[in-house]
Structure formats: structure tokens, C-alpha cells
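Residue numbers start at 1 and run along the sequence shown.
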Amino acid sequence: MTDIATISTLLSSVKTATDIAKFVKDTDHSFESAEIKLKMAELVSALADVKIELADVQDELRARDERIAQLESDLSKKQQTRFDGKIYWIEGDETPFCTVCLEKDSKYHHLTYIEADSWGSRKWYCNVCENQYYI
């Protein structure tokens with residue numbers, strides 16, 4: 001999870017990389033080549049750390065965006081759901097949903113319409129939990 005410590009580490013790495021880059025830029029040619037190479041290696045290392053931290057932050061943001069989209073979808077579906085006293089319906093859907101499955105497991109399972117059984121009754125039947133809702 002992206003938190004203040006991760007962001008602080010990221011900003012610290014960026015500052016370190018910036019400081020090293022400024023040092024290399026402002027260096028006069030009197031420094032030995034080995035010292036410049038060392039500073040360049042430190043710069044590459046600091047930038048690699050930044051890249052890794054940014055990838056982690058990006059993954060976390062993507063996961064949060066997906067979670068938000070799922071919650072918005074669930075909320076929209078819930079707002080369109082109505083209960084008629086026996087079963088649940090969603091606006092625009094002519095097939096109802098099982099009350100037990102929805103209330104127990106928060107799962108939207110369509111019911112199957114059965115015209116008449118041996119008792120001569122019409123009903124809705126849930127293929128998942130096997131509950132019957134007589135009309």
C-alpha cells in the first residue's frame with residue numbers, strides 16, 4: 001500500500017538523483033575521471049530506485065482505480081435493485097434474482113421460470129440454492 005513513507009522515500013531518491021546530477025554538471029574538469037564515473041554510477045542507482053518506487057506507486061494506484069470502479073458498479077447495481085416482497089428485480093431486467101443468494105452471499109443469480117409443476121403452480125426457481133418462489 002502506498003503510504004507517506006513510500007512517497008518520502010521516492011522524493012528522497014529524486015532529490016539524491018537531482019543533487020548528483022547538479023554536482024556532475026557543475027564539476028570542473030579538474031576532477032579525476034574515476035570520481036566522475038563514481039558519481040554517475042550513484043546517479044544511475046538513484047534513478048533506478050526512483051523507477052522502482054514509481055512502478056510500485058503506479059501499481060497501487062491502478063489497483064485502487066480498479067477497486068473504485070468495482071465499488072461504483074456494485075453501488076449502481078444496488079441502487080437499481082428493488083424488492084417486491086418475495087424476490088429482487090433490477091430495472092430493465094425481466095428476470096428476477098434469488099432473494100436467498102442475494103441476501104446471504106451478495107450474489108445476483110437469475111431465477112428460472114417454471115410454468116407449472118405437479119401442483120399446478122407457476123414459480124421461479126433458483127438453480128444455485130434450489131429455493132422456489134411461487135407466484
Side-chain angles (χ1 to χ4, degrees):
M1 178 177 220
T2 303
D3 56 5
I4 297 297
T6 304
I7 293 172
S8 295
T9 302
L10 177 63
L11 292 175
S12 176
S13 296
V14 169
K15 183 177 181 337
T16 301
T18 303
D19 290 344
I20 294 170
K22 284 179 185 176
F23 174 81
V24 171
K25 181 184 139 241
D26 295 340
T27 300
D28 60 3
H29 297 289
S30 64
F31 279 105
E32 293 185 23
S33 178
E35 188 171 350
I36 292 175
K37 286 181 181 179
L38 174 65
K39 289 297 182 183
M40 290 302 287
E42 289 176 9
L43 176 60
V44 169
S45 176
L47 289 174
D49 291 344
V50 168
K51 190 173 183 179
I52 290 169
E53 291 295 327
L54 281 175
D56 291 343
V57 170
Q58 189 176 27
D59 288 344
E60 181 67 29
L61 290 175
R62 187 177 301 114
R64 286 183 184 181
D65 287 346
E66 289 172 2
R67 179 70 176 141
I68 288 169
Q70 181 62 45
L71 289 172
E72 286 174 344
S73 173
D74 291 349
L75 178 61
S76 174
K77 195 173 200 177
K78 188 171 185 174
Q79 289 173 337
Q80 295 175 2
T81 303
R82 67 176 175 80
F83 183 64
D84 71 0
K86 285 187 180 182
I87 49 183
Y88 284 95
W89 299 84
I90 290 183
E91 295 175 25
D93 193 342
E94 295 182 11
T95 306
F97 296 89
C98 178
T99 303
V100 174
C101 292
L102 187 55
E103 291 179 357
K104 181 180 174 190
D105 302 322
S106 299
K107 302 285 184 183
Y108 285 81
H109 296 291
H110 276 114
L111 297 173
T112 301
Y113 179 73
I114 299 175
E115 183 62 41
D117 61 8
S118 59
W119 298 95
S121 302
R122 295 178 300 145
K123 64 184 174 184
W124 290 101
Y125 176 76
C126 179
N127 292 318
V128 176
C129 71
E130 300 180 352
N131 276 301
Q132 301 175 37
Y133 303 91
Y134 290 94
I135 300 173

What side-chain donor-acceptor pairs closer than 3.5 Å can you find for residues 101-109, not counting sequence neighbours?
residue : atom : partner : partner atom : Å
E103    : OE2  : Y88     : OH           : 2.6
Y108    : OH   : T81     : OG1          : 3.2

- [ ] Starting at CG of D74, measure out to CD of Q79 and round the result to the nearest 0.5 Å.
- [x] 11.0 Å
Open item on the list: Tell me which pairs pass ring-ring contact (aromatic ring centres under 6.0 Å, His included) where either residue lies in residues 40-79, with sequence neighbours left out.
Closed with: none
Open item on the list: Strictly below 4.0 Å, N to O, side chains only: are E60 and R64 in salt-bridge contact?
Closed with: yes
Task: Criterion side-chain hydrogen bond (donor to acceptor under 3.5 Å, both in side chains) on H110 and D93, from CA distance to verdict - done: CA-CA 10 Å; H110 276 114; D93 193 342; 2.7 Å; yes
Task: L43 CG to L38 CG distance, which is reported to the nearest 0.5 Å - done: 11.5 Å
Task: From E53 atom CD to Q58 atom CD, the distance as rounded to the nearest 0.5 Å - done: 13.0 Å
Open item on the list: So, taking the atom named NZ in K123 and the one named CD in E115, what distance separates them when rounded to the nearest 0.5 Å?
Closed with: 12.0 Å
Task: Atom pair CG (L111) and OG1 (T99), whose distance is rounded to the nearest 0.5 Å - done: 7.0 Å
Task: Given Y113, F97, Y133, the one that forms ring pair (Phe, Tyr, Trp, His ring centres under 6.0 Å) with W124 - done: Y113
Task: Cluster link Y125 to W89, ILVMFWY, side chain under 4.5 Å - done: no
Open item on the list: For D59, is there an ion pair with R62 - N to carboxylate O distance below 4.0 angstrom?
Closed with: yes
Open item on the list: Could you measure the distance from the CD atom of Q70 to the CG atom of L75? Nearest 0.5 Å is fine.
Closed with: 11.5 Å
Task: Heavy-atom pair with the smallest gap, counting every atom of D84 and K86 - done: OD1-N, 2.8 Å
